[in-house]
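Down below is the structure, laid out as structure tokens.
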Amino acid sequence: MSEYERTFVMVKPDGVQRGLIGEVISRLEDRGLTLVGAKFMQIDEDLAHDHYAEHEDKPFFDGLVSFITAGPVMAMVWEGQDAARQVRRMMGATDPAEAQPGTIRGDLGLDLGRNVIHGSDHEDPGANEREIDLFFDDDELVGWEQIDEGWLYE
Ligand code: DAT
Ligand code: MG
């Protein structure tokens with residue numbers, strides 16, 4: 001069975017500016033995922049470099065850093081069965097122009113450099129923990145049992 005886990009999710013500056021925080025949260029809530037941490041914040045240059053360290057050598061790195069630091073973001077931790085992979089499926093392909101309709105990027109975006117949402121890479125085994133630790137202290141996360149859990153999971 002898939003792991004019950006926590007994953008890092010962020011509404012990027014374009015999503016915040018376009019008023020899509022609520023839409024993204026609604027979709028994740030409706031799916032049955034549980035919010036365990038949230039922080040409306042401004043990412044500084046250092047944090048941007050740490051967060052996107054894997055892309056440091058890519059030609060689009062500087063643009064990525066200036067985009068992610070250009071305005072506030074909504075950083076969150078969501079919990080649930082197979083959470084990282086399910087969030088990624090809901091996000092859709094990296095390029096909104098290629099993302100399937102019905103996905104967050106496929107419904108809410110048009111351009112690769114403005115793709116609304118970040119989610120930890122489910123194929124990178126360390127990504128959930130690494131990204132959660134980068135953005136949140138332990139005491140900023142709230143473990144709680146959602147009342148519908150018995151009806152959500154068999
Ligand atoms: P994802 O956000 O789907 O995990 P990623 O980790 O490969 O995608 O890349 C991080 C972000 O960098 C992505 O959300 C948008 C940007 N990006 C990726 N590939 C790009 C490219 N070829 N040109 C410009 N920006 C790119
Ligand atoms: Mg990624």
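Only this structure's heavy atoms are used, side chains among them; waters, hydrogens and symmetry mates stay out. First listed ligand is number 1; within each ligand, the first listed atom is number 1.
- For ligand 1, the atoms sitting less than 4.0 Å from at least one non-hydrogen atom of R88 are 1 (P), 3 (O), 4 (O), numbered in the order shown with element in parentheses.
- Aromatic ring centres of F8 and F135 lie closer together than 6.0 Å.
- The nearest heavy-atom contact from the protein to atom 11 (C) of ligand 1 is L64 CD1, 3.8 Å.
- With 3.5 Å as the limit, one finds no donor-acceptor pair spanning the side chains of Q86 and H122.
- Ligand 1 has no nitrogen or oxygen under 3.5 angstrom from a nitrogen or oxygen of Y52.
- With hydrogens left out, the protein atom closest to atom 3 (O) of ligand 1 is T94 OG1, 2.6 Å, a heavy atom.
- W78 and E29 make their closest contact through CH2-CG, 3.7 Å (heavy atoms, listed as atom of the first residue, atom of the second, distance).
- Ranking the protein heavy atoms by distance from atom 2 (O) of ligand 1 puts R105 NH2, 3.0 Å first.
- The distance criterion of under 3.5 Å between nitrogen or oxygen atoms is met by N115 with respect to ligand 1.
- Of the protein's non-hydrogen atoms, the one nearest atom 23 (N) of ligand 1 is L112 CD2, 3.4 Å.
- The nearest heavy-atom contact from the protein to atom 17 (N) of ligand 1 is F60 CE1, 3.5 Å.
- R27 has a carboxylate O that lies under 4.0 Å from a charged side-chain N of D107, or vice versa, which qualifies the two as a salt bridge.
- Scored by the side-chain hydrogen bond (donor to acceptor under 3.5 Å, both in side chains) test, H51 finds no partners at all (sequence neighbours excluded).
- Comment: D95 does not engage R105 in a salt bridge, judged by the lack of any side-chain N to carboxylate O separation of less than 4.0 angstrom.
- Proximity annotation for atom 10 (C) of ligand 1: of K12, H55, E54, H55 comes nearest, heavy atoms only.
- Scored by the side chain to side chain contact (heavy atoms under 4.5 Å, CB included) test, W151 finds no partners at all (sequence neighbours excluded).
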